[in-house]
> 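Please read through the structure below; I'll follow up with questions.
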Amino acid sequence: MDRSAALFCTPGAVKEKDGVRFTVAAERGQKAELLLYDKKSGALMQEEAFPGEAAIGGLRTMKVNALPWKQYTYQFRIDGETAGDPYATVLCPQKEEPESWEDIRCGMAFSPYDWKGDKKPGIAWEDAVMYHLHVRNFTRHSRSKVQSKGTFKGLQEKIPYLKELGVNQVKLMPVYEPAPQPCPKKGHPQMHMPAAGKNYWGYGAGNYFAPRRSFAAADPVKELKDCVRMFHENGMEVLLDMYFTPEVPVRMALDCLTFWVREYHIDGFHIMGKEDICRCLAGDALLAGTKLLSGNIAGWYSGSDRKTGKTERCFAECNDGFLVDMRRLLKGDEGVLDAAAWRSRRNSADFGIINYITNHDGFPLQDLVSYDSKHNEENGEQNNDGAVCNFSWNCGTEGPCRKRAVLALRRKQVRNAFLLVLLAQGTPMLLAGDEFGNSQGGNNNPYCLDNQVSWVDWSAYQKNRDLTEFVKKAVAFRREHKILRLPEEPQMTDYRSCGYPDLSYHSSRAWYGDFSYNSRQLGVMLCGSYAGDEEYLYIAYNFNPLPQEFALPKLPKGFLWHIAIDTAREDAFLAEPEPLNGPERIKEFPERTVVVLIGKKGRKKDESNRTLLHNHRTQASGDGALL
């Protein structure tokens with residue numbers, strides 16, 4: 001043992017040229033010891049006291065010379081009590097459900113990894129399409145068609161699917177080891193919980209430097225690195241949810257993030273829990289170019305940071321404001337149109353805006369249109385957990401249903417929801433499985449369930465491929481039209497003197513957006529000239545229970561409006577956009593429908609506008625029931 005203090009020491013176990021240096025935090029007067037165990041047998045092989053004097057601050061350090069680290073695990077002992085290493089990069093549980101550090105040993109991972117020239121994609125916020133998932137849930141289902149179900153390897157096997165969908169960012173729910181949780185004692189109110197109080201999702205205290213062993217087929221370190229490298233090879237970024245509890249020091253949080261960037265080439269993080277540390281991280285040089293998400297950036301962000309080049313627009317806001325307003329609009333609430341319009345165009349020049357209508361916390365999209373109330377009985381908390389208000393609408397029947405009118409309306413509402421997200425400025429985020437109707441049976445908080453409720457149901461993919469194709473086309477449509485993904489928020493003025501503002505609002509009157517309390521319809525026109533495109537877009541949002549008239553603005557000479565997307569049709573993307581001919585510009589669109597028109601140069605068809613509109617209307621009858 002070399003007890004000499006290093007001038008600079010990093011907490012945890014660090015490989016040095018001629019040994020391994022161990023560093024632990026201990027208060028003045030406490031006795032700190034290192035315990036070394038044989039990795040195979042688990043036997044305690046050696047224990048050695050750290051020197052009493054601190055190396056720096058409250059840290060004690062010593063080096064073990066010529067240690068064959070692959071053969072050993074370790075723990076610390078502070079004043080006779082077993083303690084783990086919060087900086088451990090590998091954990092080796094001694095039992096399936098560890099309840100304390102007595103049940104966990106710390107491992108070491110110093111083997112070099114060949115990144116094969118890996119480069120981060122560096123995707124701008126406006127060009128990103130984010131996909132949010134839980135590593136185990138995503139491929140654990142028997143119909144997932146992957147070999148290594150519920151693991152990093154299984155996620156890697158799904159990269160071709162995600163790439164075909166159009167996704168170029170994945171945001172992973174916590175992939176680090178959760179802190180050990182004591183099992184409730186007999187008579188404890190949580191004793192009945194199916195997972196003994198376990199936080200299966202991982203949002204809570206954790207061992208923030210160690211990849212989760214249960215997410216690996218064999219070696220979690222190598223498998224996660226392989227997975228990240230393959231995402232990068234396919235032009236896709238990897239972001240991690242990091243939930244820091246209040247007691248986590250800022251220094252440790254910074255060490256944690258830089259560790260994941262350095263060792264795993266992670267592209268960004270969603271900072272949760274202790275969000276106040278984000279301001280401290282904003283200008284740190286070690287995280288330059290790393291994407292950082294938090295809940296309410298607008299509440300603390302200073303525009304001066306961007307002017308001094310400290311943040312490089314690396315931050316993005318990720319909160320439920322968009323979710324709430326768009327859910328209310330989708331279900332037809334009054335008094336929400338103005339807020340929803342602002343959410344749809346919001347896109348700060350200083351930081352990114354992440355838009356989503358579903359998240360891991362809450363109903364998936366299929367349940368959003370199938371349930372009015374949560375059904376969380378399986379969580380074991382008498383349905384008292386989870387959000388009470390979901391801003392959902394079951395379309396007339398609670399839960400599973402065979403009524404054709406209800407099912408047709410639900411399908412249309414799902415298509416509407418995807419367009420609300422994918423046609424908005426900012427960065428769209430999709431929840432895993434929403435693109436093929438994954439359901440949790442009305443459970444809006446399966447945080448403790450490692451079973452069919454929380455696993456993404458890939459059998460639904462076989463049944464709902466038409467929905468998946470719709471999402472693919474919607475993502476591609478967004479990518480093809482740059483005006484839908486501007487780097488800054490539209491100014492709603494004609495600042496280029498091209499005859500049209502970049503964005504304008506309309507209703508039954510052109511150039512007049514009706515934001516009155518009772519209004520549930522809005523026409524949005526986008527001028528492609530502001531994104532280097534000659535085409536125009538007009539999005540007609542009608543969330544009324546009845547058809548409504550929309551006034552289309554006059555286009556330049558030689559241009560015609562063409563219907564490109566109509567969610568009232570099962571095949572919502574028209575194979576060939578239909579031109580709207582005729583002099584009149586008042587068009588009626590079906591109830592609870594989103595219609596997207598493209599204004600482009602074109603020839604008039606022989607068919608009259610009146611006949612074309614008649615054919616269009618007959619594709620919907622009743623409150624969303626398709627003929």
Side-chain angles (χ1 to χ4, degrees), residues 12-13 22 24 32-47 69-109 134-137 140 148-154 173-224 243 245 247 378-380 446-451 453-455:
F22 295 90
V24 63
E33 300 170 275
L34 170 67
L35 311 178
L36 291 173
Y37 300 87
D38 180 78
K39 193 172 185 178
K40 289 185 177 181
S41 68
L44 177 62
M45 304 299 292
Q46 192 172 352
E47 50 187 302
W69 57 267
K70 292 183 180 180
Q71 302 173 23
Y72 285 86
T73 59
Y74 69 98
Q75 289 176 326
F76 296 132
R77 184 189 291 149
I78 308 295
D79 276 354
E81 185 174 340
T82 302
D85 180 5
Y87 278 72
T89 58
V90 177
L91 294 189
C92 305
Q94 303 302 293
K95 57 190 293 189
E96 186 174 349
E97 294 289 342
E99 300 175 33
S100 71
W101 277 106
E102 295 283 353
D103 306 323
I104 300 175
R105 307 280 166 76
C106 302
M108 291 166 272
H134 184 281
V135 170
R136 180 171 170 82
N137 286 354
R140 183 62 184 83
S148 302
K149 292 178 172 57
T151 67
F152 298 122
K153 277 189 174 182
M173 292 168 68
V175 300
Y176 51 82
E177 292 279 11
Q181 294 180 304
C183 287
K185 297 179 181 179
K186 189 175 182 179
H188 189 279
Q190 287 188 334
M191 192 64 191
H192 62 279
M193 291 182 64
K198 183 178 71 171
N199 187 350
Y200 166 63
W201 277 352
Y203 293 103
N207 301 100
Y208 297 107
F209 296 78
R212 197 162 177 172
R213 182 171 292 274
S214 61
F215 290 177
D219 179 1
V221 173
K222 183 180 183 303
E223 289 178 26
L224 179 53
Y243 190 97
T245 53
E247 64 272 11
E378 192 167 348
N379 296 356
Y447 75 100
C448 60
L449 302 180
D450 181 9
N451 60 23
V453 173
S454 60
W455 299 343

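Positions are given from 1 along the sequence. Here the structure is a predicted model, which is why all the values come from computation and not from measurement.
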> Mind checking whether Val175 and Phe152 have side chains closer than 4.5 Å, heavy atoms only?
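In short, these two side chains touch, coming nearer than 4.5 Å.
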> Residues in ring pair (Phe, Tyr, Trp, His ring centres under 6.0 Å) with Tyr176, at least two apart?
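Testing Tyr176 for ring pair (Phe, Tyr, Trp, His ring centres under 6.0 Å), a comparison that skips the adjacent residues, returns Tyr208.
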> Applying salt bridge (charged side-chain N to carboxylate O under 4.0 Å, His left out), can you list everything that pairs with Lys40, at least two apart in sequence or on another chain?
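With sequence neighbours excluded, Lys40 shows a salt bridge (charged side-chain N to carboxylate O under 4.0 Å, His left out) to no residue whatsoever.
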> Rounded to the nearest 0.5 Å, what separation is found between the CG atom of Leu91 and the SG atom of Cys106?
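So the CG of Leu91 and the SG of Cys106 are separated by 6.0 Å.
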> Would you indicate whether the side-chain heavy atoms of Phe22 and Leu36 approach each other to under 4.5 Å?
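Heavy-atom side-chain distance check passes, below 4.5 Å.
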> For residues 82-107, which residue pairs qualify under ring pair (Phe, Tyr, Trp, His ring centres under 6.0 Å), counting only residues two or more places apart or in two chains?
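Sorted pair list: Tyr87-Phe209.
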> For Asn379 versus Pro446, what's the shortest heavy-atom pair and its separation?
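The answer is OD1-CA, 4.0 Å.
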> Start with the C-alpha distance between Met173 and Asn137, add both sets of side-chain angles, then the distance that settles side chain to side chain contact (heavy atoms under 4.5 Å, CB included), and finish with yes or no.
CA-CA 10 Å; Met173 292 168 68; Asn137 286 354; 5.6 Å; no
> Go through the structure and list residues passing ring pair (Phe, Tyr, Trp, His ring centres under 6.0 Å) with Trp69, not counting sequence neighbours.
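Ring pair (Phe, Tyr, Trp, His ring centres under 6.0 Å) check on Trp69 returns Phe110.
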> Can you list every pair that meets salt bridge (charged side-chain N to carboxylate O under 4.0 Å, His left out) and has a residue in residues 69-89, with sequence neighbours left out?
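For residues 69-89, and leaving out neighbouring residues, the salt bridge (charged side-chain N to carboxylate O under 4.0 Å, His left out) pairs sorted by first residue read Glu33-Arg77, Glu47-Arg77.
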> Is there side-chain contact between Gln75 and Ile104, with at least one heavy-atom pair below 4.5 Å?
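Answer no - side chains too far apart.
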> Got Arg212 and Val135 here, is their nearest side-chain heavy-atom distance under 4.5 Å?
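No - every pair of side-chain heavy atoms lies 4.5 Å or more apart.
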> Kindly compute the distance separating OG1 (Thr73) from OH (Tyr37), expressed to the nearest 0.5 Å.
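One finds 7.5 Å between OG1 of Thr73 and OH of Tyr37.
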> CG of Leu44 to CG of Asp38: how many Å apart, nearest 0.5 Å?
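One finds 10.5 Å between CG of Leu44 and CG of Asp38.
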> Tell me, please, which residues at least two apart from Asp103 pass side chain to side chain donor-acceptor pair (under 3.5 Å).
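Once residues adjacent in sequence are excluded, Asp103 has no partner under the side chain to side chain donor-acceptor pair (under 3.5 Å) criterion.
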> Please enumerate all residues that pass salt bridge (charged side-chain N to carboxylate O under 4.0 Å, His left out) together with Arg105, with sequence neighbours excluded.
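Testing Arg105 for salt bridge (charged side-chain N to carboxylate O under 4.0 Å, His left out), a comparison that skips the adjacent residues, returns none.
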> Of all residues at least two apart in sequence or in a different chain, which pass the side chain to side chain donor-acceptor pair (under 3.5 Å) check with Tyr72?
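Checked Tyr72 against side chain to side chain donor-acceptor pair (under 3.5 Å); zero matches.
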> Can His134 and Tyr447 be said to form a ring pair (Phe, Tyr, Trp, His ring centres under 6.0 Å), step by step?
CA-CA 11 Å; His134 184 281; Tyr447 75 100; over 10 Å; no
> Okay, side chain of Gln94, backbone of Glu102: is any donor-acceptor separation there less than 3.5 Å?
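No, the answer is negative, given that no donor and acceptor are paired below the 3.5 Å cut-off.
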> List in chain and number order the residues that pass side chain to side chain contact (heavy atoms under 4.5 Å, CB included) with Ala32, two or more places apart in sequence or in another chain; answer none if no residue qualifies.
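Ala32: side chain to side chain contact (heavy atoms under 4.5 Å, CB included) contacts with Val24, Ala26, Phe50, Arg60, Ile78.
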> Got a sec, which residues hit side chain to side chain contact (heavy atoms under 4.5 Å, CB included) with Ala218, two or more places apart in sequence or on another chain?
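If we apply the side chain to side chain contact (heavy atoms under 4.5 Å, CB included) test to Ala218, skipping adjacent residues, the hits are Glu223.
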> Listed by chain and number, what are the side chain to side chain donor-acceptor pair (under 3.5 Å) partners of Glu96, not counting sequence neighbours?
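For Glu96 there are no side chain to side chain donor-acceptor pair (under 3.5 Å) partners, ignoring immediate neighbours.
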> How close do Pro93 and Pro98 get, heavy atom to heavy atom, and via which atoms?
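So the two residues come closest at CB-CG, 4.3 Å.
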> My understanding is that only residues two or more places apart in sequence, or in another chain, count here; which of them pass side chain to side chain donor-acceptor pair (under 3.5 Å) with Asp450?
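Only Arg136, Tyr200, Trp455 meet the side chain to side chain donor-acceptor pair (under 3.5 Å) criterion with Asp450.
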> If I take atom CH2 from residue Trp201 and atom OG from residue Ser454, how far apart are they, to the nearest 0.5 angstrom?
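Nearest 0.5 Å value for the CH2-OG distance: 8.5 Å.
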> Answer yes or no: is there a side-chain heavy-atom contact under 4.5 Å between Leu35 and Tyr74?
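Of all side-chain heavy-atom pairs linking Tyr74 with Leu35, none is under 4.5 Å.
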> Are any side-chain N or O atoms of Thr151 and backbone N or O atoms of Ala217, one a donor and one an acceptor, separated by less than 3.5 Å?
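Checking the backbone N and O of Ala217 against the side chain of Thr151, no donor-acceptor pair under 3.5 Å is found.
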> Using distance alone, with no hydrogens and no angle criterion, decide if Thr245 and Glu247 have a side-chain donor and acceptor under 3.5 Å apart.
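Yes, Glu247 and Thr245 have a side-chain donor paired with an acceptor closer than 3.5 Å.
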> Looking only at heavy atoms, what is the nearest atom pair of Pro211 and Thr89, with distance?
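Result for this residue pair: CD-O, 3.4 Å.
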